[in-house]
Amino acid sequence: MSVDEIFDKLLSHESIFKNKKVLSHDYVPDELPHREGEIRKLAYILATALRGGKPSNVFMYGKTGTGKTAVARYVLKKLTERGEKIGLEFAYAYVNCRYRKTNYRVLVKICEELNCGNIPETGLPADVIFDRIIKHIDKKERLVIIILDELDWLVKSSGDDVLYQLTRINNELENAQVSLIGITNDLKFREYLDSRVLSSLSEESIVFSPYNAHQLYDILKQRADMAFKEGTVSDEALRLAAAIAAQEHGDARRAIDLLRVAGEIAEREGDTKLLEKHIIKAKDEVEKDLIEAIVRDLPLQEQLILLAIVMVKTKGNGRITTGLVKKTYENICAELGYRPVTLRRINDILSDLEMLGIISAQVTSLGRYGRTKVINLEAPLRSILKVFERDENFSHVLESFKINEH
DNA sequence: TGTCCACTGGAAGGGAGGGCTT
DNA sequence: AAGCCCTCCCTTCCAGTGGACA
């Protein structure tokens with residue numbers, strides 16, 4: 001099909017989308033089905049703010065896609081609206097710590113969100129930024145709510161220094177007040193925190209349980225009605241998407257992704273209705289894209305280690321151990337002319353890959369034969385290989401070691 | 001029952017990339 | 001330009017360890 005034909009085909013059909021934005025990650029709908037309880041709880045906690053008080057800090061737990069972020073954004077939106085009516089000002093800063101794993105970067109993001117002016121990604125001392133934030137916040141009498149999403153990533157990689165500072169920020173403020181909302185999907189996360197931080201941060205806590213298939217269906221139905229033109233989405237497709245997402249830990253975000261991608265596929269194929277087959281295709285595509293993007297963006301050394309794991313898995317029989325990976329990795333480095341990193345570093349890289357969900361690893365004792373990590377590849381081999389095959393160097397290595405999919 | 005393997009993972013620090021202030 | 005401070009990726013050093021085997 002030529003490019004012109006592709007365009008012609010697309011234009012000859014009317015789009016099935018009415019408002020695609022509704023299916024994007026940062027869209028917050030006017031109603032959040034099946035989260036009424038959580039919304040109410042958070043509203044109670046934050047309501048103090050309307051009387052000029054400082055709401056307690058809140059900790060929200062729950063797996064990904066259980067509506068934590070959405071609930072927070074929703075309640076804050078309402079709070080802001082109500083505040084405006086009665087002449088109270090609220091400001092809030094949303095920081096996703098998954099992408100900002102250092103204390104400094106989190107502070108920079110808070111600055112950005114609160115419009116404290118431009119701050120470079122590196123260079124300034126952390127306490128300077130902190131002072132700047134304090135000064136900026138304290139200019140007016142107001143409540144500032146700082147939302148720290150996926151907090152576990154920050155604490156695991158950089159400790160809880162910033163959290164400690166933030167929990168004590170109110171001591172330094174004269175006019176303004178700060179409340180914190182910490183969001184995490186790691187339920188065991190509390191163990192990593194200093195007890196002072198923990199007690200201050202979890203004055204209140206809200207637990208989010210995963211959605212089941214029925215609830216996911218309701219959510220999808222709501223979004224589909226807004227996103228697609230009437231009658232263009234089959235009910236079976238929605239139920240299938242809900243069932244798939246329910247299997248994957250009740251992740252609503254994944255369910256919505258599925259719906260969006262399925263819509264795009266249907267459109268691409270010139271279909272006028274979104275059907276189950278599109279959802280099935282979308283499932284593969286969403287998974288593939290996710291893994292491929294992660295693997296592609298990995299730093300060089302992490303890619304090399306992953307390549308080694310993949311090779312041990314395809315070639316070898318039985319378990320993948322750190323020692324085995326190290327040997328293979330060193331061979332690859334020799335082949336490509338890179339200087340290999342040390343064992344200690346390999347260990348950290350393995351932990352990184354585990355955090356990303358590409359592998360899982362368990363420290364196992366083999367008795368006489370020592371103690372090692374036993375590694376499992378969690379991501380589909382095909383997706384990883386696809387990325388490597390596209391790279392000239394890596395595909396060369398794959399070939400010279402005679403690795404292929406089968 | 002103790003030994004000892006093959007690691008694990010904490011601590012400290014370095015150096016290349018950057019940017020700030022003076 | 002000097003003197004700090006930041007990040008990221010990495011090194012060196014090292015104490016600690018679960019359990020098969022002698």
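Fair warning: this is a prediction, and the values are worked out from it, not measured in the lab. Note on naming: letters A, B, ... go to the chains in the order of the sequence lines (proteins, then strands), and numbering restarts at 1 for each one.
- In this structure, A:Lys327 does not pair ionically with A:Glu330, as no charged nitrogen and carboxylate oxygen lie closer than 4.0 Å.
- Between A:Glu38 and A:Tyr74, the side chains place no donor N or O within less than 3.5 Å of an acceptor N or O (distance only, hydrogens not considered).
- Rounded to whole Å, the distance from CZ on A:Arg368 to C1' on C:dC21 is 6 Å.
- Distance CG (A:Leu366) to P (C:dG19): 11 Å, rounded to an integer number of Å.
- Rounding to whole angstrom units, CG of residue A:Asp131 and P of B:dC20 are separated by 17 Å.
- Rounding to the nearest 0.5 Å gives a distance of 9.0 Å between CG of A:Asn185 and OG1 of A:Thr69.
- Closest contact between the side chain of A:Gln301 and the listed nucleotides C:dC10, B:dG9, C:dT17 involves C:dC10.
- Between A:Arg371 atom CZ and B:dA6 atom P the separation is 14 Å, expressed in whole Å.
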Find every protein N or O atom lying less than 3.5 Å from an N or O atom of nucleotides 5-7 of chain C, and list the pairs.
| residue | atom | partner | partner atom | Å |
| --- | --- | --- | --- | --- |
| C:dC5 | O2 | A:Gly123 | O | 2.9 |
| C:dC6 | OP1 | A:Ala126 | N | 3.4 |
| C:dC6 | O2 | A:Thr122 | OG1 | 2.6 |
| C:dT7 | O3' | A:Arg105 | NH2 | 3.4 |

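- With respect to the salt-bridge test (charged N to carboxylate O, under 4.0 angstrom), the residues A:Lys41 and A:Glu204 do not qualify.
- Put simply, A:Ser365 has no side-chain N or O that comes within less than 4.0 Å of OP1 or OP2 on B:dC5.
- When each of A:Asn347, A:Thr322, A:Thr321 is tested with A:Lys373 by the rule side-chain hydrogen bond (donor to acceptor under 3.5 Å, both in side chains), just one qualifies, namely A:Asn347.
- Between A:Asn347 and A:Arg132, the residue anchored closer to the 5' end of DNA chain B is A:Asn347, taking for each the nucleotide with the nearest heavy atom.
- Using a 4.0 Å cut-off, some side-chain N or O of A:Tyr369 falls inside it from OP1 or OP2 of C:dC21.
- For the pair A:Ile305 CD1 and C:dC9 P, the computed distance is 14 Å after rounding to whole Å.
- The pair A:Lys109-A:Glu113 counts as a salt bridge, with a side-chain nitrogen and a carboxylate oxygen less than 4.0 angstrom apart.
- When the C1' atom of B:dC7 is taken as reference, atom CG of A:Leu350 falls 12 Å away, rounded to whole Å.
- What separates CG of A:Asp348 from C1' of C:dC10 is a distance of 9 Å, to the nearest Å.
- Taken residue by residue, residues 324-346 of chain A places heavy atoms nearer than 4.0 Å to DNA chain C at A:Pro340, A:Val341, A:Thr342, A:Arg344, A:Arg345.
- The pair A:Asp149-A:Lys68 does not meet the salt-bridge criterion, since no charged nitrogen lies less than 4.0 angstrom from a carboxylate oxygen.
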Salt bridge (Lys or Arg N to Asp or Glu O under 4.0 Å) between A:Arg390 and A:Glu292: does it pass, once the steps are laid out? CA-CA 11 Å; A:Arg390 247 181 258 141; A:Glu292 282 179 36; 3.4 Å; yes
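- Ion pairing between A:Asp225 and A:Lys221 holds under the 4.0 Å rule for side-chain N and carboxylate O.
- Atom CG in A:Asp352 sits roughly 16 Å away from atom C1' in B:dT8 (whole-Å rounding).
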